[in-house]
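Let me begin by presenting the structure, written as structure tokens, before commenting on it.
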Amino acid sequence: MPRQPILVLALLLTIPPFAARAEEPVDLAMMTRIRDEGLHHSQVMDTAFHLTDVIGPRLTGSPQLKEANDWTRQRFADWGLANAHLEGYRFGRGWTFSSCQVRMVAPRVAPLYALPKAWSPGTNGPIRGPVMRVKVETEKDLEQYRGKVAGKILLFNDPKEMKEPEDPEFERYSAEKLDKLGQFDVPKEPVDSRQFGLARWRLRKAINEFLEKEKALATVDASGNLNGIVRLTSGGSWVPGESVGVPAVVMAPEHYNELVRLVDGGFPVEVEIDVAAQFLDGELQAYDTLAEIPGTDKKGEIVMAGAHLDSWHAATGATDNAAGSAVVMEAARILTALGVKPRRTIRFALWTGEEQGYYGSLAYVRQHFASRPETQDPKQKELPERLREPTWPLLLKPEHAKLAAYFNLDNGSGKIRGIYMEENAAVQPIFTAWLAPFADLGANTVTLRTTGSTDHVQFDRVGLPGFQFIQDELDYIPRTHHTNLDTYDHLKRDDLMQASVVMAAFLYDAAMRAEPLPRKPLPQERKPSLPQPLSPKGREGS
Ligand SMILES: [Zn+2]
């Protein structure tokens, strides 16, 4: 095969080396202005300060999140954006907590560090009881505890192993890692994450109902993070009428392990828990914040940026995701401050209910772009919507044809290093050209890989061009993600300024481009696939 490379080389030489770039014009004068406004007159940290220190945790359904909705709407309006408004959707019960005190009272007295799971009931004053270890991995495991847990405080996990950290606690992408990210991995056997979510949802529901009926006093979980960090999510339920179980707290692993050792050592351990928490049933709606820079000759078409405004309640939700919200708002401020008159309308969205299953973006996509037929299966109707089988066909609304692009930011405070193309090869030359003016700020990787677990997925799933940026991880997973350490101190000013500039540039580029971004084919209902050849392991088993 010696001749082939020569042939390829000859072919390559006939194409100008930067043909793709030449076809994708970038307004460098505007990029200069965006950099100037974003890097020399930034307000991104002021916005982040207000969302975190002033407003505080923004759990969906809490009064603070509504305050954040109102404040962000007003901020957009003050900056001169048009049509700043809230769009409501049905979420469920609100929940808020004001204090949590947990201490060991026997065999000795000591304070313990713990926080309540969201939507778990408060204690109405201090409650005290003996501690008992349980192990529940399936619904069947509950049976052995029938008649045995009344009045007890249940330790729900094995002790947490105190491992030496293998990965660095703070990390930026190296050139090598970015290069690897640019390589596409052939997809593994698909994992049905819906089935996994369904099993988890069923188990939690069964546990809540069982513990409430059996009159257990409270539950204690060990936090998943080490070193005094409390990472938490929800315990009870925001769905009206569903059991919320018994008071449930998550404890720092070092304190949890202490309780386990004492119980295992045969000492009678007693714990006192005092959680002031409240369900709010007055309003079952939650809201997204929206605002626009109106377009000109293509104003009927839309370019969108989004991030989720809601957070968990363990801290002030700084990196998850006041960071992304502040960047989206700062991009809006930069473009308005520059007085840009985009061809397409640029719309900014701050989603809520993201942490509970993308409620806000899902409701918005359904309302504006595409919906699915209501399921007729009564078994499916019993499930929360996010866990139901998708129904077909997709019902497209007129606005579906008008969305030119959606850009999301939700991976912490790290700067933008590039963008995931969601397997849409046609956007590669476009994104490469758009990132080129920001290579000196560290953003120059385009990967065909997909990324999940955030709001752009709701757009992608109905055939819309929705994308999430690649961000430096920093200490997001080891320290801040859903933890008591997710505070303003873990925000990185320079990173958020850089991300705001790149976000503003992408929105401008997409709003000015001659054509909307190329799309992937519309998702289709999957027909049963052809039988796959059995793997050797499969053959053995059959
Ligand atoms: Zn998030």
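For ligands, and for the atoms within them, numbers begin at 1 and follow the listed sequence.
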| note | When Asp320, Thr233, Thr60, Leu59 are each screened for side-chain contact (heavy atoms from CB on, under 4.5 Å) with Glu355, the one that passes is Asp320
N, O or S from [X] under 2.8 Å to the Zn ion (ligand 1):
{"X": "Asp410", "value": "yes"}
{"X": "His481", "value": "no"}
{"X": "Asp320", "value": "yes"}

| Do His481 and Tyr476 make the cut of ring centroids closer than 6.0 angstrom? | yes
| said: Is there a side-chain contact between Phe467 and His456 in this structure, where contact means two heavy atoms from C-beta onward sitting under 4.5 Å apart? | reply: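 No, too far: nothing below the 4.5 Å cut-off.
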| In terms of heavy-atom contacts, does CZ of Phe184 have more than 12 from other residues, nucleotides or ligands at under 6.0 Å? |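 Count over threshold, so yes.
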